[in-house]
Amino acid sequence: MRKGLIVDAVEYDVEAIQDRWLPVWDDLAPFRSGKPDDPRPRKYVLDMFPYPSGDLHMGHAEAYAIGDVIARYWVQKGFNVMHPIGWDAFGLPAENAAIRRGANPKTWTYDNIAQQRESMRRYACSFDWDRTLNTCDPQYYHWNQWLFLKMFERGLAYRKASSVNWCPNDQTVLANEQVVNGKCERCDTVVVKKKLTQWYLRITDYAERLLDDMRPLEGTWPDKVLTMQRNWIGRSVGAEVQFEIEGRDEPVTVYTTRPDTLYGATFFVVAVDSDLAAELVQGSGVEQQFADYLAGVSTMSEIDRMSAERPKTGVFLQRYAINPVNGEKLPVYASDYVLADYGTGAIMAVPAHDQRDLDFARAFDLPVRVVVQSEEDPAQTWVATADDGPHVNSGPLDGLGTAEAVEKVIEELAGANRGRAAVNYRLRDWLISRQRYWGTPIPIIHCPTCGEVPVPEDQLPVELPDPAGLDLQPKGTSPLGAASEWLNVDCPRCGGPAKRDSDTMDTFVDSSWYFLRFLDPHRSDAPFDPQQARDWMPVDQYVGGVTHAILHLLYARFFTKVLHDMGMVDFTEPFSSLLNQGMVVMDGSAMSKSRGNLVRLSDELAVHGVDAVRLTMVFAGPPEDDIDWADVSPAASVRFLTRAWRLSGDVTSEPGVDPASGDIGLRRTIHRLIHDADHAVESFRFNVAVAKVMEMVNATRKAIDSGPGPADPAVREAAEAVAILLSLVAPYTAEDMWARLGHEPSVALAGWPTVDPELVRALAVTCVVQVAGKVKARLEVDPEIGEEDLQALALSDPAIVAALDGATPRRVIVRAPKLVNIVPG
RNA sequence: GCCCGGGUGGCGGAACAGGCAGACGCACUCGGCUUAAACCCGAGGGUCGAAAGACGUGCGGGUUCAAAUCCCGCCCCGGGCACCA
């Protein structure tokens, strides 16, 4: 027994128990991983790292409780578990807080990190505290810059002028993934479009692999997430078709998923904000009308523009495209219903079989030609048809079904060098520049003579300049642009005067590879150690909220594939298994100060203690479901923990006593329940595992009070098993029980109890005897009973004889030893 | 509109692979302890019914000796995508 430990208390005192064990654990450090001589097989358990926007809240408490159960389970099962934590420490909240209070974003961030770190320690998270990282440390973002330059070398990072999403509140551009229903993901402000030159990562090059590599994740990733990613990538199969434009040398290519309807094209549309539209309008005589239309469109918010209800608008450009299959002249329109950055920004319009084209045709009084037969006439109903029927008015395609017609028309177009089969994706390249201060500077120098010049590797990291004296107010251009000392540099190539790129990177870059940095977080000559990556990666279990289903998870998968192609890692997917925990809500809706339904984690911890809060989180239901705090009872958790804890004080046998001589009934129950709990944890049904431990406590209580009594060796075996199983969820209580049972800390390393298969195998089972599917009798039978014996036994049972009432069984189904079903004649 | 999930007591939720529906807990009721209350301990309960029994996992059908579980058709709830050609 350790000096000064009080383990003979008679009352369960939450505060005292927490204060007693926390320093002991600091000292013991039971969760350090990666020692070179550790013979245990490795497991990597990763919780999504938090953003340090304040202290931990209820959501963190749930997520980290769940991750901790998994990590602690594997430790008990004998694995060398790496369970690291760090901070996603760059981002707007720090900057906005700094603006509000005039503080340095760095100070604000590190203060919050210190607070969260202490809260996590007290929350008994089994993190390896030697492996922490902060993405805002230059030692970390150094490697963001290094990776960016590697991508730049490979043509995967590039700058282009394009129409981008602009958040007028945050005064910065956003990636497509960060626009939700036309609003800024972060602040809910309606996003507008702006034409700007920005940095992109070429994630679209990986679209096919991002899609294909999801197949092996089926079963270990939630279907929901896989579906969301598939939708987001949005693969579509079709064809590219070239149209000549009268008076233009080069043909224009369009993308269509329905090349079979080519004969039904009656007009042609280009995106109003595309370069092509700007070119085609030249000399058309409608330049002013076009310019007015374009101006109107560009001030529109994304929400308005996306509305399908909006009537179709456009401008006839006074020009004609030639249908390659029949030479027909198709009028060319500019419209905002065609997107400049999908496909080629131009479409062939087939009003009979595409609702959008039909709406446009109706608005502009254009002809509608049916080329796939169906009962309804789109020109009458104004409903486009999409049936698979025989083609008509389509020359050589007449009579063919859609699949054949698609094949045939592509063949003919290819033969005439007028088109080919093609695949398109909804996914766009990832826009990573941000016009804000608190992020990773983009390591590029703009030189008037040499152009975009990478910062030489030996000059990395490009550190953020001191914010003192800088105006961090959002103003549409990066605050770094005003740091002239920092901004103005000599070109590394020609030595002439040049300027640094003043934008910073999207913070999702930081989180796209942090799981690799944990392997060797202090390394200074590389982002991570390739050998460690071989040893530990991919992550065995990733735990986090579904809010990142597309954003972070897609980007991290993309980075992993890029690193694979660079030869830095030998795997292509970073996370073998993913668990999405639900949210903690109150009275049915998300907690928020403005709603007045905010439950403060610190309050709950102060009232009920760490173990009870953790237990409540885990017992509330399946981990992926939301927890309504109004539906759960942390007080009940305290009650249960107290009952469990008392067992440890009641056991009177000595540690090490052989359980084999203990009460066989209790032993059977306990071993069965350990077995069940084990199974439940393996399949993430932690609430069920807790229920099994509750049953163990109930059974042990009964054995002490009205069974074999406190001295029985089986009672000790049971109490020790309770302590070990409970250590996953309620580490303080479990540690205290362990000490009261006469053991040295830490129970976290005690090892999962071994289940004796002989004890799990039941001595007698209850056999249900049904007549016509209704239970009429129950028999206690030997589990090994033969079918004939069981049938005879069932048929002679008085209750069955009575239920049959003289009728002869027409059929008897025997499933020994569990069930007999008698079908009366 | 399209694509995923999901509907089980008053509530959160159990039910491995078609075989006793409702584990475990909350709330509730009753009893014990207490001067009293809380805490704690014990007992109870799907619904209807006095009982025997009947009915019961969103609704309607089907398969099967047997369906919460499998199949078909609906309804409702949650989520994702949505002018992506």
Whole-Å distance separating the CE atom of A/Met617 from the P atom of B/G12
18 Å
Taking side chain to side chain donor-acceptor pair (under 3.5 Å) as the cut-off, I'd like each qualifying pair that reaches into residues 251-262 of chain A, sequence neighbours left out, listed once.
A/Ser236-A/Tyr255, A/Arg258-A/Asp260, A/Asp260-A/His391
What form does the base of B/G9 take, syn (within 90° of 0) or anti?
syn
Look at the side-chain N and O atoms of A/Asn698 and state whether any lies under 4.0 Å from the OP1 or OP2 oxygen of B/G25.
yes
Atom-to-atom span, CD of A/Glu624 to C1' of B/G80 - whole angstrom
17 Å
Give the nucleotide from the list B/A85, B/G80, B/C24 with an atom nearest to the side chain of A/Met228.
B/G80
For the residue pair A/Arg426 / A/Asn231, report whether a side-chain donor-acceptor contact shorter than 3.5 Å exists.
no
The side chain of A/Met694 lies closest to which of these nucleotides: B/C24, B/A85, B/C4?
B/C24
Specify the separation, in whole Å, of atom CG of A/Asp359 and atom P of B/C83.
13 Å
Counting any heavy atom closer than 4.0 Å, what does A/Ser236 reach on the DNA or RNA strands: base, sugar-phosphate only, or nothing?
sugar-phosphate
Do A/Lys312 and B/C83 have a side chain to base donor-acceptor pair shorter than 3.5 Å?
yes
Would you say A/Asn231 places a side-chain N or O within less than 4.0 Å of OP1 or OP2 belonging to B/C4?
no
Looking only at B/A85, B/G25, B/G80, the nucleotide nearest the A/Leu339 side chain is B/A85
Any donor and acceptor pair, going by atom type alone, linking the side chain of A/Asp359 with main-chain N or O of A/Lys312 inside 3.5 Å?
no
Short question: side chain of A/Asp626, backbone of A/Met583 - any donor-acceptor pair under 3.5 Å?
yes
Which heavy atom in A/Asp587 sits nearest to a heavy atom in A/Asp628, and how many Å separate them?
N-OD1, 2.9 Å
Please check the phosphate of B/A85 (OP1 and OP2 only) for any side-chain N or O of A/Tyr342 closer than 4.0 Å.
yes
Sort by first number and list every stem of RNA chain B: at least 3 consecutive Watson-Crick or G-U wobble pairs, both distances under 3.5 Å.
B:1-7 with B:75-81, B:10-12 with B:24-26, B:28-32 with B:40-44, B:46-48 with B:53-55, B:58-62 with B:70-74
If we count only N and O atoms by modelled type, under 3.5 Å, do the side chains of A/Asn323 and A/Tyr263 hold a donor and an acceptor together?
no
Using the C1' atom as the point on both nucleotides, what is the distance between B/U69 and B/G22, in whole Å?
15 Å
How many Å lie between CH2 on A/Trp629 and P on B/C26, as a whole number?
15 Å
Heavy atoms only, 4.0 Å cut-off, all strands: where does A/Asn424 land among base, sugar-phosphate and nothing?
nothing
Just call it for A/Pro222: base, sugar-phosphate, or nothing, with non-hydrogen atoms closer than 4.0 Å on any strand.
nothing
Find the distance A/Lys224:NZ to B/C4:P and express it as a whole number of Å.
14 Å
Nucleotide nearest A/Arg426 (side chain, heavy atoms from C-beta), chosen from B/G25, B/A82, B/A85:
B/A82
Pick the C1' atom in B/A68 and in B/G13, then give their distance to the nearest Å.
14 Å
For nucleotides B/C71 and B/U63, find the distance between their P atoms and express it as a whole number of Å.
15 Å
Any salt bridge linking A/Arg646 with A/Asp650? Criterion: basic side-chain nitrogen under 4.0 Å from a carboxylate oxygen.
no
For RNA chain B, determine which residues of residues 675-685 of chain A have any heavy atom closer than 4.0 angstrom to one of its atoms, and list them numerically.
A/Arg685
What's the CZ-P distance between A/Arg428 and B/A82, to the nearest Å?
10 Å
Determine the interatomic distance between C1' on B/G19 and the same-named atom on B/U64; round to the nearest Å.
12 Å
Are side-chain N/O atoms of A/Tyr425 and A/Thr204 paired as donor and acceptor at under 3.5 Å?
no
Are any of the side-chain heavy atoms of A/Arg557 and A/Gln229 separated by less than 4.5 Å?
yes
Can you name the one residue among A/Tyr206, A/Tyr555, A/Tyr200, A/Trp232 that meets ring-ring contact (aromatic ring centres under 6.0 Å, His included) with A/Trp430?
A/Tyr555
Measure from NZ on A/Lys692 to P on B/C24 and round the result to the nearest Å.
9 Å
Same-atom distance (C1') from B/U57 to B/G6, integer angstrom:
13 Å
Nearest heavy atom decides the nucleotide; on that basis, is A/Gly234 or A/Glu695 closer to the 5' end of RNA chain B?
A/Glu695
Contact class for A/Val688 (heavy atom, under 4.0 Å): base, sugar-phosphate, or nothing?
sugar-phosphate
Rounded to whole angstrom, note down the C1' distance from B/A85 over to B/U8.
45 Å
Look at all strands and tell whether A/Phe640 reaches a base, only sugar-phosphate, or nothing, counting heavy atoms closer than 4.0 Å.
nothing
Which residue pairs pass the ring pair (Phe, Tyr, Trp, His ring centres under 6.0 Å) test with at least one member in residues 330-349 of chain A, sequence neighbours excluded?
A/Phe316-A/Tyr333, A/Tyr333-A/Phe360, A/Tyr333-A/Phe364, A/Tyr337-A/Phe360
For A/Glu695, check side-chain hydrogen bond (donor to acceptor under 3.5 Å, both in side chains) against everything at least two apart and list the hits.
none
What is the distance, rounded to the nearest whole Å, between atom CZ of A/Arg639 and atom P of B/A38?
13 Å
Going by side chain to side chain contact (heavy atoms under 4.5 Å, CB included), name the residues that satisfy it together with A/Ala386, two or more places apart in sequence or in a different chain.
none
Which nucleotide sits closest to the side chain of A/Thr257: B/G25, B/A23, B/A85?
B/A85
With the side chain of A/Pro622 defined as its heavy atoms from C-beta on, choose the nearest nucleotide among B/A14, B/A82, B/A85.
B/A14
P-based separation of B/C11 from B/G58 [nearest Å]:
13 Å
A/Arg643 side chain near B/C41 phosphate (N/O to OP1/OP2, under 4.0 Å):
yes
Side chain of A/Arg646 - closest among B/C41, B/C24, B/C26:
B/C41
Between B/G42 and B/G78 - P atom distance, rounded Å
42 Å
Quick one: label A/Val338 by what it contacts on the DNA or RNA (base, sugar-phosphate, nothing), any heavy atom closer than 4.0 Å.
base
